[in-house]
Amino acid sequence: MLRRCTICGERAVARAAPGRRYLCAKHYAEHFERRVARTVEKYKLLRGVERLLVAVSGGKDSVALLHALHRLYGDRVELVGLTIDLGIEGYSSPQVEAAKQNFEALGVEYRVVRLSKEYGFTIDEASRRRKLVRRPTCSVCGIVKRYIMNSVALEVSADAVATGHNLDDLSLFTLMSIAQGRVDDLVKLAPRTERAGRLVSRIRPLALVSGKETLTYVVVLGAPFHHENCPHAPSDGLRPKLSAMLEALEDSVPEFRRMMYTNIVSNLLPRITRPAEVETQTCMVCGMPASGKTCSFCRIRLRLVESGKNRVATSSLRG
Amino acid sequence: MTGSVKVRVRVLPGGRVEELELARGSRVADIVARLGLAVSGVVVLREGSPVPEDEVVEEGEYTVLLAASGG
């Protein structure tokens with residue numbers, strides 16, 4: 001007994017939500033795009049945005065992001081794609097390949113930044129030498145991606161950077177920030193963060209759709225995406241445990257994550273006094289915003305690239 | 001309930017394969033539960049296409065994609 005689309009009678013691929021109507025591939029895609037459009041409108045994500053840098057890893061979320069933005073706003077907003085080759089063996093190459101295939105299929109202008117070529121190190125190296133780097137690999141990777149996204153956004157004069165963070169990510173990070181008392185990080189989890197000096201505005205159009213929904217969307221579109229776990233992702237610890245717990249909770253309390261996240265964004269975030277801008281200084285190495293004399297990215301890069309060599313005056317590393 | 005249905009399930013990423021026997025009339029959600037997973041965390045495919053979890057299980061192959069992967 002097959003389920004049929006409530007709208008057209010074609011074979012159903014999913015329900016719009018638990019207990020709601022059945023949808024076929026075509027109507028599911030439209031439903032998904034409507035949800036993204038509603039998020040964009042609700043949080044005014046594209047206000048003042050004429051040129052948008054879309055960060056695409058090649059995984060399901062960012063591939064969904066690219067397709068939804070292209071279909072919904074491709075005629076109004078100039079999209080520029082960015083994919084970063086992080087140099088993770090066996091993982092980065094197929095990811096970058098998937099991202100490129102999507103840019104090319106949609107005719108979206110794009111750039112590939114290779115961490116090894118442009119900055120002289122890889123995430124694998126940062127992992128092997130984490131004692132030297134003094135940061136967990138996932139933290140290094142986050143800093144690297146944010147830095148490159150921001151640099152490229154400035155280079156191509158984009159008004160904002162769009163990332164594929166979905167509701168699973170944001171509700172998980174929200175809970176972890178609360179549990180760990182990281183109030184300043186909580187503010188950064190809003191669907192939109194405004195431009196501050198040389199820090200370009202960041203938007204998260206998938207903030208209210210789940211990973212299950214982005215996955216269903218890319219499968220029904222037939223878009224290429226790379227579906228693997230990063231070899232550096234921890235398989236144990238608070239994060240995967242909370243993630244599994246939130247999925248189980250969602251099964252018994254449908255829409256819990258959406259409720260929690262939207263309530264926190266609407267009612268809690270406005271009451272948090274923003275700290276005096278943390279990154280008010282300028283990195284003496286690269287000129288980007290920094291919280292000290294050198295930005296986190298350059299600190300990591302200098303430790304990796306300079307170790308084993310004679311220390312060179314930092315000014316000679318400019319560019 | 002008369003008889004049972006046999007299914008072969010592949011979980012991705014990871015590639016774990018399970019052969020399951022379910023009571024006839026079981027739903028796709030029952031496959032997910034037997035794997036110890038949450039319906040909210042997976043997309044179940046039949047012949048490459050997602051299926052609603054309340055669809056009745058048919059004999060053959062299913063693929064379970066984990067949503068909390070490959071961001």
Under a 4.5 Å heavy-atom cut-off, does chain B meet the side chain of [X], its backbone, both or neither?
X	value
A/Ala14	backbone
A/Leu2	both
A/Ser210	neither

field: Reported CZ-to-CD distance for the pair A/Arg11 and B/Glu55, which is rounded to 0.5 angstrom
entry: 5.0 Å

- prompt: Nearest 0.5 Å, what's the CG-CG distance between A/Leu215 and B/Leu45?
  reply: 7.5 Å

Does [Y] offer a backbone N or O that forms a donor-acceptor pair with the side chain of [X] under 3.5 Å?
X	Y	value
A/Lys212	B/Val42	yes
A/Asp251	B/Ala38	no
A/His227	B/Leu66	yes

Options B/Leu37, B/Leu12, B/Val44, B/Val51, ranked by heavy-atom pairs under 4.5 Å with chain A, top entry: B/Val51

Just wondering, do [Y] and [X] contact through their side chains at under 4.5 Å, heavy atoms?
X	Y	result
A/Glu250	B/Val39	no
B/Asp54	A/Arg15	yes
B/Val43	A/Lys60	no
A/Val13	B/Pro52	no
A/Val219	B/Ser49	no

- request: Please report the shortest heavy-atom distance between B/Ala68 and A/Asn229, naming the atom on each side.
  value: O-OD1, 4.2 Å

task: Could you pull out the closest heavy-atom pair between A/Gly211 and B/Ala67, with the gap in Å?
output: C-CB, 3.8 Å

task: Against chain B, work out which of A/Thr216, A/Asp168, A/Leu23 has the most heavy-atom pairs shorter than 4.5 Å and name it.
output: A/Thr216

